[in-house]
Structures are given as structure tokens and as C-alpha cells.
Amino acid sequence: MALRTPIIAGNWKLHMGPAAAGALAGYLRDALESGAGAGSGGELVVFPTALSIPSVVAALAGSAIAVGIQEVAAKPTGALTGANSAVMAREAGCTWMLTGHSERRQFFAETDEGVRDKVKAGLAAGLRVMVCIGETLDERKAGRVEEVTRRQLGVALQGVPASALAELAVAYEPVWAIGTGVTATPEQAEEAHASIRAYLRTLYPAEADALRLLYGGSVKADNAATLLGQPDIDGALVGGASLEVASFAAIVGAAGAA
Ligand code: 13P
């Protein structure tokens, strides 16, 4: 039996407006409730774009599939035109949030310190927080995977007490594997995950072994089982393949087989 309950999460990014997202959520719910992906025993989360949260929450009401917001501001409220708030996401029915995604770091100038402040905002609002970390191709080529992931995670967790660790998950997403079709090999992913967990043990000796570490980056129906079979891979954060019911349900099923 797996040591940790796997989490399979779908990051819908800027796809699926309110109507399409609500429909996709409904199809997903029907597929999973009628047995697709059966036996996974895992937790499921979808992260629609903020505007689609209400329709997805409505479509998934009473189901076991949780809803999260893709990003929040560090403050719950204020003069922050265009931002979203963790407190408001909670009110809208979210139980999770993402932060630190490489697309946010790359296109929205998110910093390690900004991610840290958002982790705090999410926890304070009662959300569970999935922190994304991962190196670029240049950083990998330069042998800096461990240094970069530890720096990103170390700053993100500054001031997070051990008592809050159960509300966190970490997603290791190598930037070069996101949306490229190039997946980290199970060995590459496991090496990074084991290093991240070793680092977490130095910070949180009693809690690190229970924390879920998800892999993200071109996870598909046909590679999910081997990735999820690695000892330190406790789930998947899925982009493209989460936008189709069949492929997402197959990944959910792979979590059960792992
Ligand atoms: P893809 O699965 O499309 O590579 O995206 C991964 C990702 O960024 C999930 O957050």
C-alpha cells in the first residue's frame, strides 16, 4: 500500500471558459463516478481559470473532486486591480490553490519571495496550497537542479510552521518538460523528488515523509503509471492531458495501479 495518498491534479491554465469548464467538470465527474479511473483511492483536484470557478464548483458539488484557484494575491483584499484573493477563492468554493507555477514566474515576474507570501495568504485563508518548483533546461544542463529546487522551496516555506505542513503539497515541474511532450524520465523525476524530500526532512523532520510530492510536465495516460510508481512521486499535476476526460481518467486510474 502506498505510503501517501496520491493526488492527481488538473491545471487547466487559461483554457475553458465558464461554460466549457463546467461541462468538462461534469463529464469528468460522470466518468469517475461510473468507474473510469476506479480504485485510485487518490485525491482529485482541478484548477480552472478564476472566471470558471463558479461553474466548476457547481458541477462538482457533492463529488469527491476538489476545486482550486491557479494563483492568488498575497493580500486578502485591497487596491490590487486585476488580482484574485485566497479568501474570496475559499468563499467561492475552492479548497486548494496553486502558487509558484513556472508560467507565473516566467510571464508574470513571480519571485521566490512573492510565492512565500502567497503560501502564507493561502494557509491563512484556509486553503490547501500546492507549491510549484522546478528548474529550466539551462539550469539542468549546468547541474543546478538541486540548488534551484531547494532555493525555491526553502524560500516558499519560510515561516511555515510544521503544524501547517499537512495543508501543503509540492509539485516538481521541470520547466523543460511543461507543454513540450518531453517528460522527465522516471529516474530523473525520482532523483529530483528524493532530493526534495531529503531537503524537506532537514526542515521538517517529523512531517516530511507525509508530504505529497507531485510530478508535473507532459504527464500523459501512457507515462503516468511508471512515473507514479516511483517511491517519492505521490501524484501528478497535469496540464494538457487534464483537458480531456479520457486521458485524465486514465491518469487517475494509473494512480491506483501505482
Ligand atoms: P503539461 O502537462 O501540459 O506539460 O503541463 C504541465 C503543467 O504545467 C501543470 O501545471
Side-chain angles (χ1 to χ4, degrees), residues 6-16 20-21 24 28 37 42-50 52-53 56 65-72 84 94 96-108 110 115 118-119 122 127-137 139-140 145 148-149 152-153 156 168-186 188-189 192-193 196 212-228 230 233-255:
I7 304 175
I8 304 297
N11 176 6
W12 293 354
K13 306 190 180 185
L14 189 51
H15 299 290
M16 305 277 167
L24 175 61
L28 191 59
E43 288 182 44
L44 295 181
V45 195
V46 292
F47 293 93
T49 185
S52 298
I53 287 171
V56 171
I65 308 173
V67 182
I69 186 164
Q70 294 175 12
E71 189 55 78
V72 299
N84 287 304
C94 290
W96 278 94
M97 62 169 265
L98 279 182
T99 190
H101 195 282
S102 66
E103 288 151 15
R104 299 293 312 180
R105 296 179 191 263
Q106 194 178 348
F107 304 128
F108 299 89
E110 300 287 351
V115 172
K118 291 167 184 203
V119 169
L127 293 177
R128 301 170 78 191
V129 179
M130 194 174 289
V131 183
C132 304
I133 58 174
E135 82 287 354
T136 63
L137 187 56
E139 289 164 342
R140 172 164 284 268
V145 177
V148 169
T149 52
Q152 291 174 333
L153 191 55
L168 289 182
V170 173
Y172 167 66
E173 299 204 302
V175 179
W176 47 272
I178 294 177
T180 58
V182 180
T183 316
T185 65
Q188 284 173 321
H193 281 229
I196 293 163
R212 270 83 59 87
L213 294 181
L214 284 67
Y215 168 80
S218 297
V219 176
K220 308 286 177 207
D222 60 1
N223 61 26
T226 27
L227 286 162
L228 291 165
Q230 302 303 308
I233 301 184
D234 315 311
L237 180 54
V238 185
S242 71
L243 296 170
E244 284 174 20
V245 172
S247 52
F248 195 56
I251 294 168
V252 173

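Residues take their numbers from the sequence shown, with the count starting at 1. None of the values given here were measured: they were computed from a predicted structure. Remember, it's 1-based here, ligands and their atoms both numbered in the order they're listed. Only heavy atoms go into these numbers, but all of them, side chains included; no hydrogens, no water, no symmetry mates.
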- Flag if over 12 foreign heavy atoms under 6.0 Å of CG, L14: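 Not more than 12 within 6.0 Å, no.
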According to salt bridge (charged side-chain N to carboxylate O under 4.0 Å, His left out), does anything in residues 234-248 pair up with another residue at least two apart or in another chain? List the pairs.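 Every pair satisfying salt bridge (charged side-chain N to carboxylate O under 4.0 Å, His left out) with a residue in residues 234-248: R4-D234, R197-D234.
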Give me the ring orientation class for Y172 and H193: parallel if the planes are under 30° apart, tilted from 30 to 60°, perpendicular past 60°.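 Rings of Y172 and H193: perpendicular, over 60°.
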Self-check item: Partner set under side chain to side chain contact (heavy atoms under 4.5 Å, CB included) for A241, not counting sequence neighbours
Solution: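 Counting only residues at least two positions away or on another chain, A241 forms a side chain to side chain contact (heavy atoms under 4.5 Å, CB included) with K220, V238, S247, I251.
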Does any N or O atom in [X] lie less than 3.5 angstrom from one in ligand 1, N or O only?
{"X": "K220", "answer": "no"}
{"X": "G179", "answer": "yes"}
{"X": "E103", "answer": "no"}

ask   = Nearest to atom 3 (O) of ligand 1 by heavy atom, G216, G240, A177: which?
value =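 Heavy atom nearest to atom 3 (O) of ligand 1 belongs to G240.
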For [atom], closest protein heavy-atom neighbour:
{"atom": "atom 2 (O) of ligand 1", "answer": "G239 N, 2.9 Å"}
{"atom": "atom 5 (O) of ligand 1", "answer": "K13 NZ, 3.3 Å"}
{"atom": "atom 7 (C) of ligand 1", "answer": "E173 OE2, 3.2 Å"}

- prompt: Which part of N11 is near ligand 1, with near meaning a heavy atom under 4.0 Å away: side chain, backbone, both or neither?
  reply: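 The side chain, only.
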Give a yes/no verdict on whether any heavy atom in A241 is under 4.0 Å from an atom of ligand 1.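 In this structure, A241 fails to qualify as a contact of ligand 1 - no heavy atom is under 4.0 Å.
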To the nearest 0.5 angstrom, please state how far the NE2 atom of H15 sits from the CG atom of L24.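 Those atoms lie 11.5 Å apart.
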- List the steps and the verdict of side-chain hydrogen bond (donor to acceptor under 3.5 Å, both in side chains) for Q70 and H101. CA-CA 9 Å; Q70 294 175 12; H101 195 282; over 6 Å; no
